[in-house]
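Heads up, the thing below is written out as structure tokens.
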Amino acid sequence: MESKFSKGIKLTNMDITDRFFNKLMETVRNEVIPYQWRALNDQVEEAAPSFCMRNFRVAAQLGKKRRELGQEQLPTYPTHIFNLVPDSMDNLEDRFYGFVFQDTDFYKWIEAVGYSLSQHPDPELEKLADEAIDIVCAAQHEDGYLDTFYIINDLSKRFTNLRDHHELYCLGHLIEGAIAYYQATGKDKLLNAARRFADCVDRHFGPEEGKCKGYPGHQIVEMALVRLYEVTGEDRYLNLAKFFIDQRGQKPYYFTLEFKGEPEGENSPEKYHYHQAHRPVREQDEAVGHAVRAVYLYSGMADVAKHTGDKELFEACQRLWDNIEYKKLHINGGIGASPDGEAFSYNYNLPNDRMYNETCASIGLVFFAKRMLESTPKARYADVMERALYNGVISGMDLDGKAFFYVNPLEVEPEGCKKDAQRRHVALPRQKWFGCACCPPNLARLLTSISSYAYSENDDTLFMHLYLGGNIKKQVGSQIVNINVESEYPWDDTVGITMSMEKDTRFTMAIRIPGWCPDAKLYINNEELAPDIVDGYAYLNRRWKDGDTIKLLMPMEPIFYQASTNVRANVGKVALMRGPLVYCIEEADNGSNLQLVEVNVNAPVEVIHEDDVLGDIIRLNAKGRRIKESGGDDLYIKFSGYEYEEIELQFIPYYTWCNRGVGEMKTYLDWYKEK
Ligand code: FUB
Ligand code: ZN
């Protein structure tokens, strides 16, 4: 934490021209946001209903009745049901349906809408959003409380099941959505609703005597409260975030107090690991439990540490980060190796075909990386952010934004995903929507705000973490400097930067040298440099003048990688990458029975530019061989070795897999060397 902090650039300060991300962002803007709106309103026939907007309407009606008749006149419903699915969509009752956290479907939608509007004004979308905000705000209880599950079912039970229910999670997403919409439009109706709910929570929880000492079962409110503090300047939001963080893991365990009457077992130590509440967070050094919750917590910890200068808390973030990066990270940036609890597994247990790797977990890892980078710019944080973003995050969506993966495997045998209990959670192909629809809207909010991940700044430095192309405005003293970044990343190896400004100005461009390319070269005005590289960033501090150029050259040879030998699943195997992209082979190009193919690691790999059904991409062709089938009708035969036929293996970028129907896929392959 010794260096000066930075902050992600404002979305309005960058006009993105990046071909790769522009396509993704346009897909979100034109497909995902409108589709999601229909999903929130249960208008997508082939998808599981969300009930989200309906729940807000029902809550508002009940609120009206409550005010007219009194709370005691209203019906109550049980609050132990986690996901209420009606038998039929006809004759629904005036009650809450769906998962307990269904409100967040809207909050994530409005966040993506906010980010999108800040870059692409769209009066029609804004009008729709305003109307939706009216519906949401009408549901808010007089004292600011806003969670339709309890408003509809039984208000007297609110905040009584922090472990399993998601009121504080809903508040977190509400805050994030409200801030995005406020910053895009200047309209503060939803922000005020978020503040009122945050104030209600602040009155209920805290260190003061008489207040509840609980903390959320599903984190996110911590980082959201820090954002609310940043936007409003109100210390109490930061203090509340810190309270939730420090309370977690204290003894006596809050969840045990909360569930006094519960049968033994429910509050077992595993449950505490699941919630990262097994120990005070400052003492934790291994990423455990539900992966999304974990990385949301670590992000909140990094935020609080940054704002309070809390070294001890930041050191805990660093230890947890190291554990993920060195022991628990799949090559595609996926985390959460265990489907049991959507959770981290033990160190180095990184299976290829039965892992979980939820899209949201990789997104959460990107959040965590962003915060680590803003506190201490180390290229390795950005390397992981990039690994996740270009691989296991965007594989969560198909190329036309109409279907989504919840889990992101590295190897697939379709029959196994249907018939093997350990792989059944790998739903093929991508799904139209999910009853528990956390991943698609999470993708939408991340992709629409991508520039704030790619670049961060402080008064005198612009950090380039990712090589996103576009025009950036940077305030330096009283002057606005325009920084134009031309980039065909991740396909092309050259990034060109041109400065325009009225007066010569001193500031620092801090450019990340990617971990995958230690031989990157930098040029200023076409002269090669040997800059100071600190923690993987080249710091170019000078008096810049109009027309100055920087060129970053990152030779992008295809490279085979092997995992640490501690990763049992991948001993004797290699994965192919080019630049930040992980590649895989699919049945569509290579036939079935991919267990029979091996790749030749010392033959040249051909780089092929293709513009086809998978988009304008680079494919890689490698020499390989296929074991000839043997054995006949016998399951076991006396050893005689295999016979091979030579083949050409066709690799595609991992994120494009499963866009041509369901088939086998492999990322890690057996290898051999030509004699
Ligand atoms: O609990 C809310 C969300 O649902 C989690 O973040 C996801 O992992 C899914 O379980
Ligand atoms: Zn998810």
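Keep in mind it's a predicted model, so treat the numbers as computed, not measured. Just so you know, ligand 1 is whichever comes first in the structure, and atom 1 is the first atom listed for that ligand.
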Distance filter under 4.0 Å to C438 heavy atoms, resulting ligand 1 atoms: 4 (O), 7 (C), 9 (C)
task: Inspect the contact between D154 and K157 and indicate whether a charged nitrogen and a carboxylate oxygen are less than 4.0 angstrom apart.
output: yes
- prompt: Considering only protein heavy atoms, which is closest to atom 7 (C) of ligand 1, and at what distance to one decimal place?
  reply: E358 OE2, 3.3 Å
- request: List the closest protein heavy-atom neighbour of atom 6 (O) of ligand 1: residue, atom name, distance to the nearest 0.1 Å.
  value: H218 NE2, 2.7 Å
- prompt: With atoms numbered from 1 as shown, which atoms in ligand 1 lie under 4.0 angstrom from a non-hydrogen atom of V292?
  reply: 6 (O), 8 (O)
field: Contact check, F99 vs ligand 1, heavy-atom distance below 4.0 Å
entry: no
query: Can any side-chain N or O of N349 pair as donor or acceptor with the backbone N or O of S338 at less than 3.5 Å?
result: no
- request: Spell out, as yes or no, whether a donor-acceptor pair under 3.5 Å connects the side chain of K402 to the backbone of K432.
  value: no
task: Give a yes/no on ligand 1: does C360 have at least one heavy atom closer than 4.0 angstrom to it?
output: no
task: Walk me through it: do Y169 and Y107 pass the test ring pair (Phe, Tyr, Trp, His ring centres under 6.0 Å)?
output: CA-CA 11 Å; Y169 173 79; Y107 300 148; 9.6 Å; no
field: From D246, L225, I245, residue fulfilling side-chain contact (heavy atoms from CB on, under 4.5 Å) relative to V304
entry: I245
message: For F82, state whether at least one heavy atom is located under 4.0 Å from any atom of ligand 1.
response: no
- prompt: Of all heavy-atom pairs between S345 and E286, which one has the smallest distance, and what is that distance?
  reply: O-OE2, 4.5 Å
query: If only atom types and distance count, is the side chain of E31 paired as donor or acceptor with the main-chain N or O of V28 below 3.5 Å?
result: no
- request: Output yes if C438 passes the N/O/S-under-2.8 Å test against the Zn ion (ligand 2); output no otherwise.
  value: yes
message: Do the side chains of K23 and E26 get close enough for a salt bridge, i.e. N-O under 4.0 angstrom?
response: no
query: Among protein heavy atoms, which lies nearest atom 10 (O) of ligand 1, and at what distance?
result: E342 OE1, 2.7 Å
query: Which residue supplies the protein heavy atom nearest to atom 1 (O) of ligand 1, what is that atom called, and how far is it?
result: H166 NE2, 2.9 Å
- prompt: Which of the N/O/S atoms in E358 sits closest to the Zn ion (ligand 2)?
  reply: OE2
message: Between T359 (side chain only) and L443 (backbone N and O only), is there a donor and an acceptor less than 3.5 Å apart?
response: no
task: Check each heavy atom of F434 against ligand 1 and say whether those closer than 4.0 Å belong to the side chain, the backbone, both or neither.
output: neither
query: Who's the nearest protein heavy-atom neighbour of atom 4 (O) of ligand 1, and how far?
result: C436 SG, 3.3 Å
- prompt: Among all protein non-hydrogen atoms, which one is nearest to atom 9 (C) of ligand 1, and what is the separation to 0.1 Å?
  reply: Y406 OH, 3.0 Å
